[in-house]
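Inspection log for the structure reproduced underneath, given as structure tokens.
Naming: A, B, ... by sequence-line order, numbering from 1 per chain.
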Number of protein chains: 4
Amino acid sequence: MDNLIEATARILVKDGFDKASTNRIAEVSGVSIGSLYQYFPSKEALVAAVIERHQQQIMQTVRSTLTQVSTQPLDKAMRRFVAVAVEAHRLDPQLHRVLAEQIPRVGKLEKLETFSRENFSLFRAYLEGARDDLGVDDLELASFVCVTTIEALTHNAVLHHSKVLTDDRMEALIDEAARLVTG
Amino acid sequence: MDNLIEATARILVKDGFDKASTNRIAEVSGVSIGSLYQYFPSKEALVAAVIERHQQQIMQTVRSTLTQVSTQPLDKAMRRFVAVAVEAHRLDPQLHRVLAEQIPRVGKLEKLETFSRENFSLFRAYLEGARDDLGVDDLELASFVCVTTIEALTHNAVLHHSKVLTDDRMEALIDEAARLVTG
Amino acid sequence: MDNLIEATARILVKDGFDKASTNRIAEVSGVSIGSLYQYFPSKEALVAAVIERHQQQIMQTVRSTLTQVSTQPLDKAMRRFVAVAVEAHRLDPQLHRVLAEQIPRVGKLEKLETFSRENFSLFRAYLEGARDDLGVDDLELASFVCVTTIEALTHNAVLHHSKVLTDDRMEALIDEAARLVTG
Amino acid sequence: MDNLIEATARILVKDGFDKASTNRIAEVSGVSIGSLYQYFPSKEALVAAVIERHQQQIMQTVRSTLTQVSTQPLDKAMRRFVAVAVEAHRLDPQLHRVLAEQIPRVGKLEKLETFSRENFSLFRAYLEGARDDLGVDDLELASFVCVTTIEALTHNAVLHHSKVLTDDRMEALIDEAARLVTG
DNA sequence: TATGAATGAGGATTCATTCAT
DNA sequence: TATGAATGAATCCTCATTCAT
């Protein structure tokens, strides 16, 4: 089961969704096509498993680094949020990219939505607690803006500009993003 | 040629990338499959043409509304940038969505890159001019942050949260984004 | 289109429904699998076409030999009915067998039902006209009994006992069946 | 072994021949697929066993009700024959139907032939004894006609027209069939 | 003897692309 | 130049059967 998921992920990264045929996946994972379908009822299910696994890994990272945040002051908390986002994207950037770009088609949008909603909630919960320091009415909007911004910045930074961005700049970017959001 | 592009766009929007077979496109556009291949050497080329057309339209909007910007003060200019981004996304949101989600698979990433680079340049050029009012060293980084943020916010706002975001909130969001970026 | 139907019929006869794969049919009929699906949207449709063609042929035989029947006396008419049934079964006995035995699965039961209903109606119509000579109340039942009997006798005679039944006996059987039904 | 046959029969009735996969049969009968193949060398063998069992049951009914017949007068005997045929078909009409429709494909025609030959023999034996009351030369032919007719009438009556045929009519049909055959 | 994971040939169907007319 | 019938590689998936434990 695990080699199947692993093989799927690898092929997804290397060749993209369309070239990831079930027969190919079976072959690469050293399993017969029959066995593949014993474990996963469809190609969709297999891809869903890849998504899930990736998200588990991310959420693990996120949760473990976010426990202390609620007691921290605004600016520190924000830096933490941004840093966590970067870390998450660095778990497996290439896979992250394929999943983000090619997967919506599968009808597994729910999975992704649920996932981003969870992140959204975590963030919102923090803002809720820090409401007094914020002077903001519309928490919903504020959360949306922040989460979107952080996600986009880290996503783009890691995926599209990894070469352009030196480590220094990355540090700067984290600062920048945090400051931005703190505004 | 134009009905082909148009038909492709329509089908892409209505049925998604996978259902957009060349035969179907030919049929819908009232052209024989043979002729389709006389104008476009491959399905990929056809989709690329759709992308290009969409981006032309966007750039047209962007350019025409951005000519005056260079002489404006920072905050006004920023609001203009954000507003333009929103407008651009509203040209044909559904098409924009499909293209954004499915196009990476076509291997036409260059197209997108070129495109976003152009936006990037325009923005950077403005910052260059306003350098003195900014107190920022790393223009490259600043541009990246701003463009990414604006793009992400408007994209998400228009595509994924159009129902949640009332017009009021949209206004607020534009403000917020502008303010964010101005920081 | 016609070679496809023909090839399907041949394969159906030779190897049975399960071995009649669309790829095989295409190959035998000297047509690419792609073309097959250009003419028939599914294997089912192809088999349906075979059924239809066979039934057309039978109904042609039946109608052309049954026009005069309505004016004939009971015993003559009955002999005609039986003779026609035999003829019909002899058009393509082997194909008739496969269709009768293996096709119900296709969900094209309607086709067959419609078909036998038409025969039923023809026969019933005759009885209706000859009601006075019959001394029978329940025409529905009488028709059912007669049609079923004739069909079964001819079917079995032609398909399962063709070797046992000499031509003499066939003649005798026709007599017998006619007499039976006339009773 | 018996649960296997039973499960096969049930699945055959419920889902048809094509959905009756050996894995499914094993699962339903609470036996591992491995054990299934220990008892039956192939799917075909399993289905053959179902046929055999069904025919055993029928023959049991037939024999037990037919012992007295040989001493009875022609018309009484005929009614008995018909009645027995109806009873036989009512043992498990649905199973009977599937077997009748789908079994030819299994290549177990011999089974059916043997079976109908046994019926044929029983009937012929009776006619042999009653030869003097009959005034018929060709006993072979007479038997064929009678057996086929009875079988077809009851089969059709029970399977295809069960709703159309009220109990009254059923009685009438039995009469009719008996009279027909007695002729 | 019982198990059930593993097998892989084979089936129906799709679709980008070609080429003779 | 326009047409559209023809192509066939490739796809997802099923299922009878085997065999190591």
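- Side-chain contact between F40(C) and T22(C): absent, with no pair of heavy atoms (C-beta onward) separated by less than 4.5 Å.
- E27(A) is linked by a salt bridge (Lys or Arg N to Asp or Glu O under 4.0 Å) to nothing, counting only residues two or more places apart in sequence or in another chain.
- Note: CD (E27(B)) to P (dA5(F)) measures 12 Å, nearest angstrom.
- Along DNA chain E, the nucleotide closest to V31(D) and the one closest to L36(A) are compared, and the more 5′ of them pairs with V31(D).
- Within the 4.5 Å cutoff, the side chain of K14(D) has no heavy atoms near those of the R10(D) side chain.
- In this entry the distance linking CG of L46(D) with C1' of dC15(F) reads 14 Å, nearest Å.
- Rounded to an integer number of Å, the gap from CZ of F40(A) to P of dA6(E) is 12 Å.
- Where pairing requires Watson-Crick or G-U contacts shorter than 3.5 Å, the helical stems of DNA chain E with at least three consecutive pairs are E:2-21 with F:2-21.
- The CG atom of D15(A) sits 15 Å away from the C1' atom of dA10(F) (whole-angstrom rounding).
- Residues meeting the side-chain hydrogen bond (donor to acceptor under 3.5 Å, both in side chains) test with S42(D), sequence neighbours left out: none.
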Polar atoms only, N or O, under 3.5 Å: list the protein pairs with nucleotides 15-19 of chain E and their distances.
from	atom 1	to	atom 2	distance (Å)
dA16(E)	OP1	K43(B)	NZ	3.1
dA16(E)	OP2	T22(B)	N	2.5
dA16(E)	OP2	T22(B)	OG1	3.0
dA16(E)	N7	N23(B)	ND2	3.3
dT17(E)	OP2	Y37(B)	OH	3.0
dT17(E)	OP2	K43(B)	N	3.0

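- Residues satisfying the side-chain hydrogen bond (donor to acceptor under 3.5 Å, both in side chains) test with S21(D), not counting sequence neighbours, are none.
- Every ring pair (Phe, Tyr, Trp, His ring centres under 6.0 Å) that H54(C) has, sequence neighbours left out, goes to H96(C).
- Under the 6.0 Å distance and 45° angle rule, K43(A) counts as a cation-pi partner of F17(A).
- With hydrogens and angles ignored, the 3.5 Å screen pairs no side-chain donor or acceptor of S35(C) with any backbone N or O of V31(C).
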